[in-house]
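Worth saying up front: this structure is predicted, and the values here are computed from it rather than measured.
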Amino acid sequence: MKALILSGGMGTRLRPFTYSMPKQLVPVANKPILVHCLENVREIGVEDVAVVVGDRGEEIRAVVGDGSAYGLNVTYLQQEAPLGLAHAVSIAEEFLGDDDFVMYLGDNILAEGIAESARAFRVARPAAQLLLTKVADPRAYGVAEVDAEGRVLALVEKPQQPRSDLAVIGVYFFTAAVHDAVRAIEPSARGELEITDAVQFLVERGDRVVADAYAGYWKDTGSPDDLLDCNRLLLGRLDHGVHGEVDAASTVEGPVLVEAGAVVERSRLVGPLVVGAGSIVRDSELGPYTALGRDCVLDGAGIGDSIVLDGVSIQSVRGLSGSIIGRSAAVRGGEAAGRRLIIGDHTQAEVAA
């Protein structure tokens, strides 16, 4: 089995962060979303991966490289414009050949991994296997209609009157049969080759298309609140470990990971929490549910339930919560009890007391 990971989207809902980085590289629990995807793919025994990139491809290459750091062989495929998921399959056809493959949207978090789904696919080998979950508003998703035996009867993209509450989430398993379907379909009204249309083609041709109910945590990380929700969940599974320097005047409560090279002085750390390598935390209170990136400086700061990216400086600001602070941003000011900051890379912000 091979893997096809889609990493070419624009991420407009995650601005301002996606003005300066691909959305797939935004970190959750101090790890880019795309790396979470790669690790899930490696866990099911896949080694050969194609990553479909758009105009931010060089930034993704700089992080992932040839994939060897993750035990993978990574090939990059350029998609000239966001022309649909099925279009991504079409440009990957030569790479995929006749192999079965998993297609994984590179901005999706599936916290329990995809091992059970992969096992089911390998045993039964349907033409397509869709991961589904129940959602409150199916109109925002591809929606599947499924019979009592778990066979998919119909699939519709973002229907105004959904016939079920089963949304297709961002992982699909296919045999090579999908290539016939992709070649047969036409662009949708929005000008894209829809993977839902390709799957519907397989259904109407009589190929076996099955549903796989995903019982674990899934999130399409399309908004800052989605990122923070994922961050909380993944930090909640953190293993405790103090590998940096924490002085005797500091306290550590709950599961806290202090990476090598980090320094903590006269501060209170409340887990779940990660302090990135090279960061300095002084006279501050940090956590819970906070991911502090690498090479940050916190001095007289207080922040919880937040994502702080690499190189951030927070000076004399306490009481921040529910915040996402972009790379190399600088925040100064006074008491900020209950306040939230969503600011992009290299921003300078002053919080009024």
For residues Ala260 and Ala277, report the shortest heavy-atom separation together with the two atoms involved. O-CB, 3.2 Å
Would the number of heavy atoms belonging to other residues, nucleotides or ligands and lying under 6.0 Å from CD of Glu39 be above 12? yes
Between Glu47 and Lys2, is there a side-chain N and carboxylate O pair less than 4.0 Å apart? no
Over all atoms of both residues, closest heavy-atom pair of Val152 and Ala211: CG2-N, 3.9 Å
For Glu253, is there an ion pair with Arg268 - N to carboxylate O distance below 4.0 angstrom? yes
Is there a path of hydrophobic side-chain contacts, each under 4.5 Å between heavy atoms of I, L, V, M, F, W or Y residues, that connects Leu202 with Leu4? yes
Checking Phe17 now: which residues fulfil ring-ring contact (aromatic ring centres under 6.0 Å, His included) with it, not counting sequence neighbours? none
Between the side chains of His87 and Gln79, is a donor N or O closer than 3.5 angstrom to an acceptor N or O? yes
Kindly check if the number of other-residue, nucleotide or ligand heavy atoms within 6.0 Å of NZ (Lys134) is above 12? no
Between the side chains of Arg119 and Glu116, is the shortest nitrogen-to-carboxylate-oxygen separation below 4.0 Å, so that they form an ion pair? yes
Other hydrophobic cluster members with Val274, side-chain heavy atoms of Ile/Leu/Val/Met/Phe/Trp/Tyr under 4.5 Å, chained? Leu235, Leu238, Leu257
Identify the heavy atoms of Glu265 and Asp247 that sit nearest to each other, and give their distance. CA-OD2, 3.2 Å
Check: Leu155 main-chain N/O paired with Gln200 side-chain donor or acceptor under 3.5 Å: yes
Would the number of heavy atoms belonging to other residues, nucleotides or ligands and lying under 6.0 Å from OH of Tyr19 be above 12? no
Closest heavy-atom pair and its distance - Ser306, Leu228: CA-CD2, 3.9 Å
Quick one: do Asp180 and Arg205 make a salt bridge, cutoff under 4.0 Å? yes
Ser279 to Cys296 - nearest heavy-atom pair and separation: OG-N, 2.9 Å
Hey, is Asp226 close enough to Lys23 for a salt bridge, meaning N to O under 4.0 Å? no
Within the distance-only criterion (no hydrogens, no angle test), does the side chain of Ser250 pair as donor or acceptor with the backbone N or O of Arg266 below 3.5 angstrom? yes
Using a strict cut-off of less than 4.0 Å between a Lys/Arg side-chain nitrogen and an Asp/Glu carboxylate oxygen, indicate whether Arg151 and Glu149 qualify as a salt bridge. no
So, Glu350 and Arg332, do they make that salt bridge, N to O below 4.0 Å? no
